[in-house]
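Below is one structure, written out as structure tokens, with a few remarks after it.
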Amino acid sequence: MRNTTKLKAILKHYHLDLSLNEKEEMIVNLFHKETGTAMTFEDPSYSKLISKAYSYMNKQLKEGSKKE
């Protein structure tokens with residue numbers, strides 16, 4: 001799956017903040033649109049960063065569907 005497709009899926013459920021720290025690592029902060037929960041990921045690679053965020057989103061969606 002392409003990174004743009006993953007990013008599009010993430011943006012359906014989360015607000016996303018992307019920044020760079022002093023170590024040249026990218027940081028993504030995810031804020032769930034409904035619950036307001038937040039999660040942060042750091043990685044020097046954009047691809048790995050988006051993959052981590054996408055995996056987290058899928059895990060949260062599966063946990064949410066189990067509760068219902």
Side-chain angles (χ1 to χ4, degrees):
M1 181 178 279
R2 293 178 183 247
N3 286 330
T4 51
T5 306
K6 290 178 185 178
L7 182 59
K8 199 172 184 181
I10 292 166
L11 290 172
K12 286 182 182 179
H13 302 281
Y14 292 89
H15 293 288
L16 186 136
D17 174 49
L18 186 63
S19 60
L20 189 67
N21 67 13
E22 56 279 343
K23 297 180 209 172
E24 297 288 318
E25 291 180 331
M26 284 182 253
I27 301 168
V28 67
N29 294 303
L30 299 178
F31 303 97
H32 195 278
K33 288 182 177 180
E34 294 177 11
T35 64
T37 57
M39 186 64 177
T40 301
F41 299 99
E42 294 183 25
D43 204 286
S45 166
Y46 174 77
S47 296
K48 289 180 185 176
L49 191 65
I50 294 300
S51 291
K52 286 179 184 181
Y54 183 75
S55 294
Y56 172 78
M57 179 200 67
N58 281 333
K59 183 179 175 186
Q60 295 303 307
L61 289 175
K62 285 180 185 177
E63 287 178 6
S65 65
K66 286 181 183 178
K67 290 179 182 178
E68 295 175 1

Once you round to the nearest 0.5 Å, how far does [atom1] of [X] lie from [atom2] of [Y]?
X: K52; Y: S45; atom1: NZ; atom2: OG; value: 9.0 Å
X: D43; Y: S51; atom1: CG; atom2: OG; value: 9.5 Å
X: L16; Y: F41; atom1: CG; atom2: CZ; value: 10.5 Å
X: E42; Y: L49; atom1: CD; atom2: CG; value: 9.0 Å
X: M39; Y: K59; atom1: CE; atom2: NZ; value: 8.0 Å
X: I50; Y: R2; atom1: CD1; atom2: CZ; value: 15.0 Å

Margin query: Check for me, please, whether M57 and I27 land in the same ILVMFWY cluster - side-chain distances under 4.5 Å, paths through other members count.
Written below: no

Checklist line | L11-F31 co-clustered via ILVMFWY side chain contacts under 4.5 Å | finding: no

Next item on the list: On the 0 to 90° scale, with breaks at 30° and 60°, tag the Y56-Y14 ring pair as parallel, tilted or perpendicular.
Entry: tilted

Next item on the list: Go through L30 and H15 one step at a time and tell me if the side chain to side chain contact (heavy atoms under 4.5 Å, CB included) criterion holds.
Entry: CA-CA 6 Å; L30 299 178; H15 293 288; over 6 Å; no

Check: Looking only at heavy atoms, which two atoms of I10 and Y54 are closest? And how far apart?
Finding: CD1-N, 3.7 Å

Notebook entry, point to check: Is the number of heavy atoms from other residues, nucleotides or ligands within 6.0 Å of NZ (K33) greater than 12?
Noted result: yes

